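Here the structure is laid out as structure tokens; the discussion comes afterwards.
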Amino acid sequence: AEAALAMARRLDDRATLASVLYARHQSLWTGAPAEERCAIAGEIVQLAEANGDRELAMQARALRLGDLLELAALERYRAECASYARLVHDENLVTSGWHVPMQQATLAMLGGQFAEAERLGAEGLSLGKRLSHQGIEVFHHSVLMTIRYLQGRHAELLPVLRHGAEAYPTLPVFRAGLALAHAERGERLEASLVFERLADQNFRDVPRDILWVFNIALLSITAHFLGDVERAKLLYEWLEPYAIYNVRDTIASEPALLA
């Protein structure tokens, strides 16, 4: 990856460099601090805009939004959300329209305005469905799951999480959420069964992708409920380097819980 990036810089071709940087950002979800990824996303935005590539520029702006959330840079996040919404409106970027209410839902959540966040999440879902966006249901479930967690009502999502676990078997976030929902309902056996399937061979089936830290954070809370000391130690070790950051989806990492 370093060699490809160095070669792209030597070529002095903006399109090639932007493409290589985008691939690098995608490969660094858990391999680099959010500060580095945020800088990469910013460089992609500059290169793509200079090259007239609106689609890549918007994708990079979306990456930067996630990085800013991890950094808890809320004023920058608000400003970037406003810029993103303005670009969607001014340049009539219809395919990116669903993203705007989802961003606004995050801001509402951070302000404790949960009813407004839920309304905006539903608006984003509706826009995404109109565009036949294949992943919009997953995005909406993620928003709803975060709202309910912050409200202390995560257990209410049991049917939604069970459906998600069945409909999207390759996305462990639903099973991690399902285990936690059972735990919050006091259903120890059910929580343990779901947790054990994910914990097999040191959580082998939990990929180190954009949601890895979020999944590990959810599983850490379930491990605490189950009193699984050995797994809790492992999860603690994985979470500890992220203690200074927010976990994507606005849930903060809580390694102290596992002490």
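Note that the numbering runs from 1 along the sequence shown for the chain. Predicted model only: the values in this text are computed from it and were never measured.
Between the CG atom of Leu234 and the OG atom of Ser220 there is a distance of 11.5 Å, given to the nearest 0.5 Å. Thr146 OG1 to Phe114 CZ: the interatomic distance, rounded to the nearest 0.5 Å, is 10.5 Å. How far CG of Leu68 is from CG of Leu74: 9.5 Å, rounded to the nearest 0.5 Å. Rounded to the nearest 0.5 angstrom, Leu17 CG and Asp12 CG are separated by 8.5 Å. Summarising the geometry, atom CD1 belonging to Ile244 is positioned 8.5 Å from atom CG belonging to Leu71; distances are rounded to the nearest 0.5 Å. The structure places NE2 of His99 at 8.0 Å from SG of Cys81, a figure rounded to the nearest 0.5 Å.
Within a 6.0 Å sphere centred on CD of Glu196, other residues, nucleotides and ligands contribute more than 12 heavy atoms.
If you chain together ILVMFWY residues whose side-chain heavy atoms come under 4.5 Å of each other, Leu193 ends up grouped with Leu189.
The two atoms that bring Ala183 and Ala191 nearest to each other are N-CB, 3.8 Å, heavy atoms only. Here the closest heavy-atom approach between residue Gly121 and residue Val143 is recorded as CA-CG1, 4.4 Å. A pairwise comparison of heavy atoms in Thr16 and Leu11 identifies CG2-CD1, 4.4 Å as the closest pair. Closest of all the heavy-atom pairs between Ala155 and Ala181 is CB-O, 3.9 Å. Here the shortest heavy-atom pairing between Ile136 and Gly128 reads CG1-CA, 3.7 Å. Closest approach of Asn246 and Ala72 over heavy atoms only: ND2-CB, 3.5 Å.
Taking the salt bridge (charged side-chain N to carboxylate O under 4.0 Å, His left out) definition, one finds that Arg185 meets it with Glu187, sequence neighbours left out. Under the ring pair (Phe, Tyr, Trp, His ring centres under 6.0 Å) criterion, His182 pairs with no residue at all, not counting sequence neighbours. Residues forming a ring pair (Phe, Tyr, Trp, His ring centres under 6.0 Å) with Trp238 (at least two apart in sequence, or on another chain): Phe203, Trp212. Residues satisfying the side-chain hydrogen bond (donor to acceptor under 3.5 Å, both in side chains) test with Gln134, not counting sequence neighbours, are none. Residues meeting the salt bridge (charged side-chain N to carboxylate O under 4.0 Å, His left out) test with Glu49, sequence neighbours left out: Arg61. Not counting sequence neighbours, the partners of Gln151 by the side-chain hydrogen bond (donor to acceptor under 3.5 Å, both in side chains) test are Arg148, Arg153. Evaluation of the side-chain hydrogen bond (donor to acceptor under 3.5 Å, both in side chains) rule for Arg188 yields no partner, not counting sequence neighbours. Every residue was checked against the salt bridge (charged side-chain N to carboxylate O under 4.0 Å, His left out) condition with Arg76, not counting sequence neighbours, and none meets it.
By the 4.5 Å heavy-atom criterion applied to side chains, Ile44 and Leu56 are counted as neighbours. Counting heavy atoms from C-beta outward, Val247 and Tyr242 have side chains that stay 4.5 Å or more apart. In this structure, the side chains of Leu21 and Leu47 come closer than 4.5 Å at one or more pairs of heavy atoms. Counting heavy atoms from C-beta on, the side chains of Arg24 and Glu36 come closer than 4.5 Å. In this structure, Tyr22 and Leu63 have side chains that are in contact, with non-hydrogen atoms separated by less than 4.5 Å. Residues Leu28 and Ile40 are in side-chain contact: their nearest non-hydrogen atoms beyond the backbone lie under 4.5 Å apart. Side-chain contact between Leu107 and Tyr77 is present, with heavy atoms from C-beta onward closer than 4.5 Å. Residues Trp29 and Arg208 are not in side-chain contact: their nearest non-hydrogen atoms beyond the backbone lie 4.5 Å or more apart.
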Would you be so kind as to tabulate the donor-acceptor pairs closer than 3.5 Å made by side chains of residues 169-180, with sequence neighbours excluded?
residue, atom, partner, partner atom, Å
Arg175, NH2, Pro169, O, 3.1

Under 3.5 Å, sequence neighbours excluded: what are the donor-acceptor pairs made by side chains of residues 88-96?
residue, atom, partner, partner atom, Å
Glu91, OE1, Arg54, NH1, 3.2

Enumerate, atom names and distances included, each donor-acceptor pair closer than 3.5 Å involving a side-chain atom of residues 158-168, sequence neighbours excluded.
residue, atom, partner, partner atom, Å
Tyr168, OH, Glu137, OE1, 2.7

Derivation and outcome, side chain to side chain donor-acceptor pair (under 3.5 Å), residues Glu184 and Tyr149: CA-CA 10 Å; Glu184 291 196 351; Tyr149 178 85; 5.9 Å; no

Check step by step if salt bridge (Lys or Arg N to Asp or Glu O under 4.0 Å) holds for Lys129 and Glu123. CA-CA 10 Å; Lys129 283 185 173 179; Glu123 181 182 332; over 6 Å; no

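The hydrophobic clustering, which links ILVMFWY residues whose side-chain heavy atoms are closer than 4.5 Å, places Leu69 and Val45 apart. Hydrophobic clustering (side-chain heavy atoms under 4.5 Å, transitive across Ile, Leu, Val, Met, Phe, Trp, Tyr) keeps Leu120 apart from Met145.
With hydrogens and angles ignored, the 3.5 Å screen pairs a side-chain donor or acceptor of Asp13 with a backbone N or O of Ala15. Side-chain atoms of Ser126 never come within 3.5 Å of backbone atoms of Ala122 as a donor-acceptor pair (strictly under, hydrogens ignored). Of the possible polar contacts, none joining the Asn202 side chain to the Arg204 backbone as a donor-acceptor pair under 3.5 Å is found.
For the salt bridge (charged side-chain N to carboxylate O under 4.0 Å, His left out) with Glu43, the qualifying choice from Arg9, Arg37, Arg14 is Arg9, the only one to do so.
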